[in-house]
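Step one of this worksheet: look at the structure below.
All values below were derived from every heavy atom in this structure, side-chain atoms included, with hydrogens, water molecules and symmetry-related copies excluded. Note that the numbering runs from 1 along the sequence shown for the chain.
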Amino acid sequence: MKGRLALIGVGLALTVIAGLWFHAGTLSRKLESAETRASIALAANASNQITIDALRDAAVRDAARLRELDSVLTGIAQASAERRDTRERIATNDQTVADYLNQPVPCGLRDAASGDADCTGPD
């Protein structure tokens, strides 16, 4: 009876040891897998950071160009307003210019500007 109990105890001990050994192997493979996934994630993060930095640099360059374009557009608007004011002032003060500006636009020019194919005015 004692021999049987001893064998059962030894069998149980061996089963537990074998289970722990397999469990340790499984844990080791899981750890390796987790380390592999972590290294892949770190590499992806590094690659993404390069892209993010490039996009930030592009945004800074684009903002500078937009400021330049805004300055150019402001200058164009000012020049256009000055010319319009000058034309209106001349048209108001000089009857010859006013008469000229009141003439109808020739058909050839009107077609190009408005796409009016049925122009009935003077050529």
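- A search for side-chain hydrogen bond (donor to acceptor under 3.5 Å, both in side chains) contacts involving R56 returns nothing, not counting sequence neighbours.
- Shown here are the side chain to side chain contact (heavy atoms under 4.5 Å, CB included) partners of S47, two or more places apart in sequence or in another chain: there are none.
- Atom CD1 of I52 and atom CG of N45 lie 8.5 Å apart (nearest 0.5 Å).
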Residues 96-103, side-chain donor-acceptor partners within the protein, below 3.5 Å, at least two apart:
unit_1	atom_1	unit_2	atom_2	d
D99	OD1	Q95	NE2	2.8
N102	ND2	A98	O	3.0

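- Checking E88, R89, R83 one by one against T86, the side chain to side chain contact (heavy atoms under 4.5 Å, CB included) holds for a single residue, R89.
- Listed by first and then second residue, the side-chain hydrogen bond (donor to acceptor under 3.5 Å, both in side chains) pairs involving residues 33-43 are S33-R37 (not counting sequence neighbours).
- Under the side-chain hydrogen bond (donor to acceptor under 3.5 Å, both in side chains) criterion, D53 pairs with Q49, not counting sequence neighbours.
- In this structure, the separation between CG on L69 and OG1 on T74 is 10.5 Å, given to the nearest 0.5 Å.
- Side-chain contact between R65 and D62 is present, with at least one heavy-atom pair separated by less than 4.5 Å.
- Partners of E68 according to the side-chain hydrogen bond (donor to acceptor under 3.5 Å, both in side chains) rule, which considers only residues two or more places apart in sequence or in another chain, do not exist here.
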